Amino acid sequence: MQLTTENIQESNSRYVALHQKFFATLASQLEDGGISVEKILSKIRSFQIAVPSWALGAGGTRFGRFGIGGEPRSLEEKIEDIGLLAKLTKSTDAVSLHIPWDIPSDYEAIMQLAKCHNIGFDAVNSNTFQDYGQEKSYKFGSLSHNDPKVREQAVAHNKQVIEVGEKLGSKGLTVWLADGSNFPGQQSFRRALDNTFESLQKIYASMPEDWKLLLEYKPYEPNFYSTVIPDWGTSHLLCRQLGDRAKVLVDLGHHLPNTNIEQIVGILLGQNQLAGFHFNDSKFGDDDLTTGSIKPYQLFLIFLELVAGTEDGCQSWESISWMIDASHNTKDPLEDLMQALVAIKIAYAKSLLVDRVKLTMYQLNGDVVMAQEILQKAFLTDVRPLLKEARLQSGGALEPISIYRQHEIRKQLIQKRGENTRATGL
Ligand code: LRH
Ligand code: MN
């Protein structure tokens with residue numbers, strides 16, 4: 001499954017003339033408005049998002065799963081697929097592994113291969129929400145379980161995940177707990193939370209000094225009455241008690257309908273408590289749809305909080321982990337991930353166009369209308385020529401999905417890997 005630099009240059013030669021026309025128009029408009037296009041291009045070029053190792057095959061629901069063919073059969077083939085995404089989009093430089101789905105068989109070899117593809121290892125994810133042959137079942141929870149033996153086993157698993165990550169150069173452990181209950185009376189909320197805190201303390205204490213704990217919250221699923229860590233407040237409460245290397249991971253799909261996620265991001269940033277993101281989009285629940293496909297304005301507002309909070313010195317941009325977490329039920333996973341990487345950068349680029357000085361002035365003067373006008377002006381600007389120029393300058397593809405289809409990459413993957421291969425993951 002080869003796509004050479006020559007292939008990319010050949011493809012770009014078809015689109016470059018039209019691109020340069022649109023880019024020149026937008027660049028002069030922005031420069032006339034006092035915006036440094038070069039500064040924005042360098043920020044767009046350097047912004048890299050990690051791809052989840054569990055989202056390179058077709059996802060599914062309890063009602064069914066429809067394979068895509070040519071799915072990666074190993075971690076090696078997953079790294080190759082992410083390498084292709086990096087080559088085309090110049091927007092991803094890391095993979096986030098899920099353990100035990102992606103335990104490397106040969107660490108040296110996998111790190112060598114990843115290096116060849118300019119891919120590093122972002123936060124590693126533990127898994128105490130499934131039974132995969134371990135001694136004690138996680139059916140009724142893990143870190144919160146009433147049985148100290150189960151809690152011990154779950155703590156030990158997280159320590160193993162840290163060891164895997166250490167060998168790969170990862171600097172973060174993501175903990176998401178399915179722990180909770182399906183019926184009133186099934187669980188003591190306070191005992192479950194106390195058990196969870198006690199377990200997390202042991203995990204936190206075993207993390208290397210330069211690691212961070214990314215504590216992910218979720219209101220429901222797979223438990224449908226209560227979840228031990230259901231919201232940002234509970235995650236924040238635990239992180240505060242654990243220590244300053246424990247922070248809150250915001251998965252965009254883990255909010256009840258109409259939750260103001262950008263406000264949560266603003267609050268966490270202000271507290272220097274934002275660990276990072278699992279980017280996706282949703283209409284109803286944890287739908288794990290393509291980022292920016294349902295609520296692009298919300299994504300823009302989230303990035304506006306991020307730009308404001310980091311420029312105001314609440315937290316550094318580098319201290320935040322940027323990761324996608326999606327599931328592809330009806331799209332080619334690689335096309336879905338390319339769309340997501342572009343959508344995230346579109347939201348970021350639009351947020352960089354906001355005149356924050358004027359916005360603050362209108363906010364302080366109570367000029368509600370003009371404050372909205374400032375946001376809308378940025379949001380309604382078509383920034384795609386900026387993203388294309390950034391990709392072109394980085395040696396990427398002007399039209400990633402077009403070149404992917406022009407070279408029939410999925411067909412090549414099916415010929416090489418087979419029609420019915422199934423990638424590990426959800
Ligand atoms: C839970 C979640 C979590 C992962 C899993 C794959 O819904 O978002 O981040 O462990 O998806
Ligand atoms: Mn997630």
Side-chain angles (χ1 to χ4, degrees), residues 49-62 65 78 94-103 122-132 138 141-144 154 157-158 160-162 164-165 170 172-180 196 200 203 212-224 226-232 234-235 247-256 259 261 264-265 268 274-291 299 302 320-329 333 336-337 340 344 422-426:
I49 302 115
V51 167
S53 63
W54 60 91
L56 293 159
T61 72
R62 59 187 167 158
R65 177 185 172 278
K78 289 185 177 189
V95 57
S96 178
L97 296 187
H98 219 298
I99 308 296
W101 296 335
D102 303 300
I103 295 184
D122 204 310
V124 281
N125 299 262
S126 61
N127 177 343
T128 57
F129 51 84
Q130 290 177 324
D131 289 345
Y132 36 77
Y138 292 132
S142 62
L143 299 182
S144 72
H157 165 71
N158 278 276
Q160 279 157 6
V161 174
I162 292 170
V164 170
S170 170
L173 170 70
T174 296
V175 174
W176 166 66
L177 298 181
D179 295 31
T196 301
L200 286 169
I203 296 168
K212 66 177 179 182
L213 177 66
L214 302 87
L215 192 56
E216 186 174 3
Y217 57 89
K218 183 175 181 177
Y220 70 93
E221 190 206 38
N223 279 295
F224 295 102
S226 75
T227 297
V228 174
I229 309 180
D231 53 30
W232 73 273
T234 309
S235 175
K247 297 185 180 182
V248 180
L249 176 64
V250 177
D251 184 313
L252 300 189
H254 292 184
H255 300 88
L256 298 176
T259 299
I261 303 176
I264 293 171
V265 171
L268 289 171
L274 179 64
F277 290 91
H278 275 180
F279 290 116
N280 49 55
D281 212 336
S282 49
K283 181 75 176 158
F284 302 104
D286 187 18
D287 311 342
D288 280 344
L289 300 174
T290 316
T291 310
L299 190 62
I302 288 170
I320 300 169
S321 290
W322 315 95
M323 299 170 283
I324 291 171
D325 179 1
S327 174
H328 323 286
N329 300 354
D336 196 329
L337 289 164
I344 293 165
R422 176 161 184 175
T424 55
L426 284 182

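Order of appearance sets the numbers: ligands from 1, and atoms from 1 within every ligand. Here the structure is a predicted model, which is why all the values come from computation and not from measurement.
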Could you report the tightest heavy-atom contact between [X] and [Y], atom names first, then the distance?
{"X": "T227", "Y": "P219", "result": "OG1-O, 3.2 Å"}
{"X": "D122", "Y": "W322", "result": "OD2-O, 4.3 Å"}
{"X": "L299", "Y": "T291", "result": "CD2-CG2, 3.7 Å"}
{"X": "S235", "Y": "Y217", "result": "CB-CD2, 4.1 Å"}
{"X": "S327", "Y": "G60", "result": "OG-N, 4.0 Å"}
{"X": "I203", "Y": "I162", "result": "O-CD1, 4.2 Å"}

Output the list of atoms in ligand 1 that are nearer than 4.0 Å to some heavy atom of [X], sorted by atom number.
{"X": "E216", "value": "2 (C), 3 (C), 8 (O), 9 (O)"}
{"X": "H278", "value": "9 (O)"}
{"X": "W54", "value": "6 (C)"}
{"X": "D286", "value": "7 (O)"}

Exercise. Provide, to 0.1 Å, the distance between atom 2 (C) of ligand 1 and the closest protein heavy atom, together with that atom's residue and name.
Key: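 Residue, atom and distance for the closest contact: D325 OD2, 3.4 Å.
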Quiz item: Where is the nearest protein heavy atom to atom 4 (C) of ligand 1: which residue, which atom, and how far?
Solution: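 Atom 4 (C) of ligand 1 sits closest to the protein heavy atom H98 NE2, 3.7 Å.
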Quiz prompt | Geometric class of the F277/F279 ring pair [parallel <30°, tilted 30-60°, perpendicular >60°] | solution =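 The arrangement is parallel - the two ring planes meet at less than 30°.
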Would you check if [X] and [Y] make a side-chain contact, meaning some heavy-atom pair closer than 4.5 Å?
{"X": "N280", "Y": "D251", "value": "yes"}
{"X": "L143", "Y": "V175", "value": "yes"}
{"X": "N158", "Y": "T128", "value": "yes"}

Quiz prompt | Under 2.8 Å from the Mn ion (ligand 2) - protein N/O/S, by chain and number | solution =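 Listed by chain and number, the atoms are E216 OE2, D251 OD2, H278 ND1, D325 OD2.
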Quiz item: Is a donor on one side and an acceptor on the other found under 3.5 Å between the side chain of H98 and the backbone of S53?
Solution: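 A pair under 3.5 Å: no.
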Quiz item: What part of T174, side chain from CB on, backbone N/CA/C/O, both or neither, has a heavy atom under 4.0 Å from ligand 1?
Solution: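 Contact part for T174 vs ligand 1: neither.
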Any N/O of [X] closer than 3.5 Å to an N/O of ligand 1?
{"X": "H254", "result": "yes"}
{"X": "W101", "result": "no"}
{"X": "D251", "result": "yes"}

